[in-house]
Structures are given as structure tokens and as C-alpha cells.
Protein chains: 2
Amino acid sequence: MAKATLKTLARATGYSITTVSRALGGFDDVNEETRQAILAEAYRQGYEPNLQARALQKKRSQTIGLVLPTGGPSFPDPFFGEFLSGVGSEAAQAGFDLLVSTASADLTEIDVYRRIVAGGRVDGVILMRSRVDDERIRYLLERHFPFAVFGRTDIMDEAYSYIDVDGRAGQAAMTRHLIDRGHERIAYMRPPATLMFSRFRQQGYREAMAEAGIAIDERLVVECDLTENAGKRQALRLLKLKQPPTAIMAGNDLMAIGVMNAVREMGLRVGEDVAVGGFDDIPAAEHLNPGLTTIRQPIFHIGQQLTERLLQLIEGSSVGELSTLVEPELILRGSSNPPQPDRQE
Amino acid sequence: MAKATLKTLARATGYSITTVSRALGGFDDVNEETRQAILAEAYRQGYEPNLQARALQKKRSQTIGLVLPTGGPSFPDPFFGEFLSGVGSEAAQAGFDLLVSTASADLTEIDVYRRIVAGGRVDGVILMRSRVDDERIRYLLERHFPFAVFGRTDIMDEAYSYIDVDGRAGQAAMTRHLIDRGHERIAYMRPPATLMFSRFRQQGYREAMAEAGIAIDERLVVECDLTENAGKRQALRLLKLKQPPTAIMAGNDLMAIGVMNAVREMGLRVGEDVAVGGFDDIPAAEHLNPGLTTIRQPIFHIGQQLTERLLQLIEGSSVGELSTLVEPELILRGSSNPPQPDRQE
DNA sequence: AGCCTAATCCAAAACGTTTCGGATGTCAAA
DNA sequence: TTTGACATCCGAAACGTTTTGGATTAGGCT
């Protein structure tokens with residue numbers, strides 16, 4: 001049987017395309033009997049509306065876009081799965097699909113945005129990992145295109161919807177915790193400076209240190225990308241310093257895992273010889289050996305919330321709250337046990 | 001400035017829509033000077049082709065679909081992230097996008113397939129977690145729609161493209177390994193029987209046991225879904241039996257993590273009092289306490305390969321190999337240390 | 001002069017849907 | 001008998017693109 005379209009239904013039932021369309025659309029200007037006849041025929045032919053044609057005509061694709069940020073291996077990070085899951089669940093509930101794109105060899109990240117946004121493929125987009133002077137945000141603002149961001153930026157010319165975790169407070173809390181445990185040489189492995197959250201977290205670290213009157217040894221502050229490997233490499237460097245840190249805070253849990261491996265590789269014990277802290281609280285964090293002290297971000301929930309707001313923006317209805325700062329939670333586990341008192345050297 | 005379309009470009013340059021289209025399309029029946037003029041104007045207006053219109057006309061959406069299977073919390077499983085990552089990377093390279101959908105309250109899984117497949121939203125789909133008498137596969141076969149599956153099925157009326165891991169061999173290898181370590185009471189927590197891989201793996205387990213002449217205590221074979229919680233719950237039940245197992249093999253790593261927690265909760269030591277095995281080798285498996293003995297599936301790679309084949313199917317070109325059975329690798333870690341000899345009771 | 005070729009351009013149809021603005025017929029009220 | 005009002009239906013345009021099948025012109029050849 002050929003493909004079922006409004007035309008084939010019209011022919012089969014003897015009504016016009018208009019009437020068929022309106023019958024299926026549930027309009028009240030079509031006789032109930034007619035509607036039933038049309039519905040029956042539609043069922044018989046296995047009719048499904050062509051979504052491209054509908055999107056073209058309605059200028060709505062019922063799709064929201066998510067472009068995976070480049071730089072770093074990004075995806076395997078469980079963080080993404082959880083976030084995507086939150087976005088997807090909320091979107092599905094509203095009858096929206098998710099278009100997941102990636103930059104490739106011949107298409108840069110911003111090109112992908114242009115393609116799917118200007119190309120009418122999506123009705124709105126969700127951004128993650130906001131960056132300093134974020135060109136994606138500039139582009140979307142300029143086009144007045146609906147979007148919502150996980151993370152703040154320094155582009156504050158206009159108001160837009162974002163949800164961010166208070167990294168400053170979170171990192172400060174962890175730093176204080178480590179200081180309480182008697183640490184003074186606390187290293188901080190910060191994420192790339194182009195990522196906005198890098199700033200805030202570093203700020204929290206510095207504030208807490210200053211608050212306690214501890215001078216920061218700048219050799220203990222190193223930048224590295226968000227992968228496990230980078231975490232391990234940098235940790236090894238730190239631990240080989242003449243005056244190694246007694247505690248290392250990593251920019252995310254993945255890096256923290258690398259740090260823990262490095263510590264072990266140096267023949268030291270995590271949590272006893274060297275305290276380790278992470279950020280995110282990915283599922284694995286709890287099951288590490290020892291458990292990873294980290295800062296929990298409600299990633300799934302943030303994904304949901306962002307999507308909910310994005311959908312409101314798309315509908316054009318007023319958005320409840322435009323931007324939110326979420327208080328993260330410090331999760332204490334074995335990786336930040338106090339150093340053994342007998343370890344003085 | 002209004003939205004740029006072929007029409008606006010045509011008006012601005014004085015050429016016809018046809019010529020503009022062909023100029024941008026790189027056809028050789030348009031004068032080079034004209035093409036330059038048109039390109040310049042396109043750039044000036046920031047033209048991006050409307051992808052819905054193009055898809056409508058070409059009957060190609062340059063998109064491949066991925067519907068997240070329901071049943072189980074599925075997504076947070078790191079497995080998905082990795083798979084999606086493989087699919088996405090390969091798709092992006094070919095200029096394809098990914099449409100990720102989920103079943104919702106008012107739309108069952110098969111409805112979603114109908115919608116995006118018959119609705120022309122995607123050019124092909126990737127399935128995962130093949131099921132017994134899989135209705136998704138029946139539907140796609142019936143419509144002659146391009147698809148590729150992670151996992152075999154029992155629907156073998158027609159040939160179609162799949163890649164599967166030899167779960168029988170994998171599970172048998174692990175069972176043998178445990179038997180070598182002196183275990184006899186080996187429990188198996190099998191995934192839901194509707195999932196195809198559940199069969200093969202169980203087969204491997206039974207074969208290896210038979211091979212060693214060990215009778216299976218059927219109370220040690222329990223079914224449970226693929227979540228951490230289910231793993232823990234069932235493990236507790238097993239461990240409370242009058243004759244508890246000395247080894248537990250879980251259907252995936254997530255469940256194995258639950259099992260490990262259960263073991264600890266019972267005051268026993270993982271790997272010493274009770275051996276634990278998983279399946280998948282998710283990234284966290286390596287960092288657990290102790291490391292999880294498991295069977296590695298090259299998930300990312302399988303995602304890539306499936307996508308490559310699907311793209312060939314879509315292009316209509318001949319597919320190199322239609323179906324493949326991948327040999328999994330047994331990864332030995334601390335969770336399957338031999339039970340202490342002094343533990344006889 | 002007539003014919004052919006090559007280069008360059010374009011009108012119109014088509015993809016499948018939605019929607020605007022009537023058209024038609026019926027029936028009750030004036 | 002006219003006039004609305006209502007219920008039901010439909011033609012045609014529009015969304016933005018690609019593609020088919022020429023049309024037009026200029027130049028080279030017989």
C-alpha cells in the first residue's frame with residue numbers, strides 16, 4: 001500500500017483534504033459521522049502525519065536541541081547522561097523530541113547551532129557548560145531564540161533563563177571542611193578558565209582559605225581539563241613537589257578518580273595520607289574506594305527544570321522564575337578523612 | 001531583517017529561485033560570477049536553508065532515531081551514555097543528527113516508533129536491548145525501514161543488521177572462572193526474560209556448570225530488573241538463604257554494585273567471603289571497592305559500528321557485513337578473589 | 001543562411017500539511 | 001417569502017525547498 005497522506009484519505013473517503021485535516025485535528029466544524037468515517041479510514045491506512053510538512057507549515061518542530069559541547073571527551077562523563085535524562089523526560093512529557101547534535105570535523109559548534117536554529121529544526125535549545133563571553137549565547141540572544149542554560153555567564157546585557165549551582169559556596173564549604181580536618185596545603189585543580197563555573201569555584205576556594213588565614217601556594221593551583229587522565233597526570237605532578245599538598249580538590253568527580261589513582265600509584269593512601277575532593281557526585285562517587293567526598297549537584301533535576309522553563313519560553317507564556325542559583329550539598333565520604341597524626345615528616 | 005529564504009535571495013540578486021538554489025547547491029549550470037554574487041548575498045543575509053522544507057522535498061531528514069527503551073530507569077545507566085556517544089560520533093561525521101525520544105504517559109514505545117518512522121522524521125533507527133518477539137523489529141521489517149540493532153532476536157524471518165556480544169561465551173567464561181576459584185554455589189541474577197540477552201547468558205551459565213558437573217540449585221537463579229536497587233534487594237534475599245551462595249553473578253554492573261552493597265550490609269567481605277561478578281564493564285567498575293570482575297562489552301565501538309551500517313543501509317549501498325557476534329572479554333578484578341580457605345562453616 | 005552545441009537561466013510542479021475565507025444547504029424566526 | 005443563523009464542507013494559498021524540462025542567447029560550423 002502506498003504511503004498514507006491526507007490526499008489518499010480524502011480520495012478514499014470522498015471528502016476534501018481540508019475536511020480530512022480538520023477531522024483529524026479535532027475541529028468542531030466537521031460532522032461527527034464524517035469524523036468517524038475519516039478516523040476509521042485513517043486507521044485502516046495506518047496514517048501518520050508527515051511531521052516535516054507539518055513543521056514547515058506551522059513553523060514549529062516540537063523539538064528541542066542539545067548540542068554536545070566540544071573540548072574534553074565530554075560525553076562519557078556520567079554527568080551528561082544524567083542531564084540528558086532529565087531534559088529528555090521533561091521534554092517527552094510535553095510531546096517534544098530531543099535533537100542531539102555534535103560538532104564534527106567540518107562543522108564547528110557554533111555552526112551546528114546556526115544550522116539547527118536558523119534551519120528551523122528546533123524550537124529552542126538547552127545549553128550546558130556556559131563559557132566566558134559565550135558566543136552561543138550571543139548568537140541566541142541576537143536571534144531572540146528561546147534557550148535555557150545550565151550555568152551563568154558574564155553576558156548580562158539581557159536577561160535570559162539559566163540555572164546554576166552556587167559553585168562558590170560549594171567549593172568554599174569543601175575547603176572549609178578540609179581546613180577543619182587540619183589541612184593547610186590544599187591543592188585545587190581547576191577546570192579550564194573559559195568555563196564560567198571555573199571562576200566561581202576558584203573564588204570559593206580562595207575565600208575560604210583567606211577566611212582561615214592560610215596563604216595559598218600558587219603552585220598548588222593547576223588548570224586541567226575534565227578528564228580522568230588529566231586528573232591523574234596533574235595529581236602526580238603535585239604529589240612530586242618538594243612540599244606536596246595534603247589535600248587535593250578536583251574540578252569534577254572524573255578528575256578526582258584520576259587523582260585517587262595517582263595517590264595510590266605514589267604508594268599513598270587516599271583519605272589518610274592525602275585527602276581528595278570532587279565535584280558533581282556522579283553515581284560512582286559513592287562506590288569508590290574509599291568513597292569520594294564531593295559536592296552534589298542535582299543534575300537530573302536541573303535538566304528537568306531548565307526544560308520546563310524552555311518550554312514556557314517556547315509557548316510564549318510567562319516564565320515563573322527566569323534564573324535560579326541552586327545551593328549544592330557537601331557530601332562527606334572516606335576520601336577526606338583527617339590525615340593520620342603520626343604522619344608528620 | 002526578515003528571515004532569509006531562497007525567495008529573499010532571489011529578489012535581492014535579481015535571479016530566480018531556481019538559480020539561487022542551484023548556485024548554492026553547487027551545480028555547474030550557473031555562471032561563476034553569478035554564483036559568487038549569490039553566495040555573497042547569502043552570506044550577507046545570513047541565509048540558512050530551512051531543513052524542514054528540504055526534508056519534505058527530498059524525503060530525507062538526515063537524522064537517525066534512537067528511542068530510549070522503557071522499563072527500568074534505564075538512562076542513568078552509564079551504558080547508555082557510552083552507547084549514545086558512539087552512535088552520535090559516527091552520525092555527526094556523516095552529517096546526520098540524532099533524534100532521541102522517550103516513551104511517555106500517552107505514547108507507548110511503539111507509538112513513538114510509528115510517529116517518527118512513518119512521520120518521516122528519521123531516515124533510520126538504532127535499537128538497543130532486543131527483546132523476545134520484538135514488536136519494534138516486526139514493525140520496522142514490515143515497513144522495510146532501515147534499522148540496526150544492538151542484540152539479536154528470535155525473529156529471523158528476514159535478515160537484518162545487528163551486532164551482538166556473545167553473552168553465552170561471556171557468562172560461561174565467568175562461571176568457569178568462579179568454578180576455578182573453588183566456588184560451587186554460584187548464584188545468577190538474570191535480567192528480565194523478555195530481553196534476548198538474558199537467554200544467551202543464562203545458557204552460558206548453565207553450560208559451564210554442567211561442564212563442571214555441578215548441579216544448579218534453582219533457588220540461586222533469580223530474575224530481577226537491571227537497577228542497583230533490585231540487585232541489592234535480591235542479593236540480600238540470596239544471602240539470607242540457609243545455604244547462601246559463595247558467588248553471585250549479576251546481569252549487569254549496576255546490579256553488581258547493589259550486590260556488593262548487600263554483601264557488605266550483611267557484614268561480609270566482597271571477594272573474600274562472597275565473590276561478585278558483573279556484566280558490561282562500565283567505567284565505574286574499575287574503581288569500585290574492590291574492583292568488579294566483569295565482562296567487557298565494547299559499547300562505544302558497537303554504537304559506532306551499528307551506525308556505520310545503518311548509514312550504509314540508508315544510502316542504499318551494500319552493507320559489508322550484516323550481522324556480527326562480538327567476543328566479550330572477561331575482566332578479572334578483586335571482587336572475585338577466592339574465598340578464604342578458613343571460612344568453612 | 002541554417003544548424004548545432006554549450007552556457008546560462010527560469011517557470012512550474014511537487015513534497016504534505018494547515019488555515020483563511022468563503023460556499024452551500026437547512027431550518028427556524030420574522 | 002425573506003432573513004439570519006447554524007452546521008458542514010471545500011478551494012486555494014502558503015510554508016521553503018528541489019528538480020524537471022525546457023527557453024534563450026551566443027558562437028562556431030557547414
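Chain naming here is simple, since letters A, B, ... match the order of the sequence lines and numbering starts at 1 in each.
The phosphate of C:dT17 (OP1 or OP2) has a side-chain N or O of A:Y47 nearer than 4.0 angstrom. Residue B:T18 places none of its side-chain N or O atoms closer than 4.0 Å to OP1 or OP2 of C:dC9.
Between its two ends, the helix from C:dA1-D:dT30 to C:dA30-D:dT1 turns its axis by 70°, counting five pairs per end and rounding to 10 degrees.
Counting any heavy atom pair closer than 4.0 Å across all strands shown, B:T5 reaches sugar-phosphate atoms only and no base atom. When heavy atoms are screened at a 4.0 angstrom cut-off, B:N50 is found touching the sugar-phosphate backbone but no base atom. B:N31 comes within 4.0 angstrom of the backbone, heavy atoms only, and of no base. Contacts of A:I17 with the nucleic acid, taken as non-hydrogen atoms under 4.0 Å apart, include base atoms.
The side-chain tip of B:R114 points at the ring of B:Y139 from less than 6.0 angstrom away and within 45° of straight on.
Think of the region where chain A sits on DNA chain D: with heavy atoms and a 4.0 Å cut, that region ends 5' and 3' at D:dT8 to D:dG16.
Salt-bridge annotation for B:R131 and B:E109: present, with a side-chain N of the basic residue lying under 4.0 Å from a carboxylate O of the acidic one. Residues A:E41 and A:R44 are paired through a salt bridge, judged by an N-O separation under 4.0 Å between the basic side chain and the carboxylate. Residues B:R115 and A:E48 are not paired through a salt bridge, judged by the lack of any N-O separation under 4.0 Å between the basic side chain and the carboxylate. The existence of a salt bridge linking B:K59 and B:D123 is excluded, since no basic side-chain nitrogen approaches an acidic carboxylate oxygen closer than 4.0 Å.
Surrounding CZ of B:R60 are more than 12 heavy atoms belonging to other residues, nucleotides or ligands, all under 6.0 Å away.
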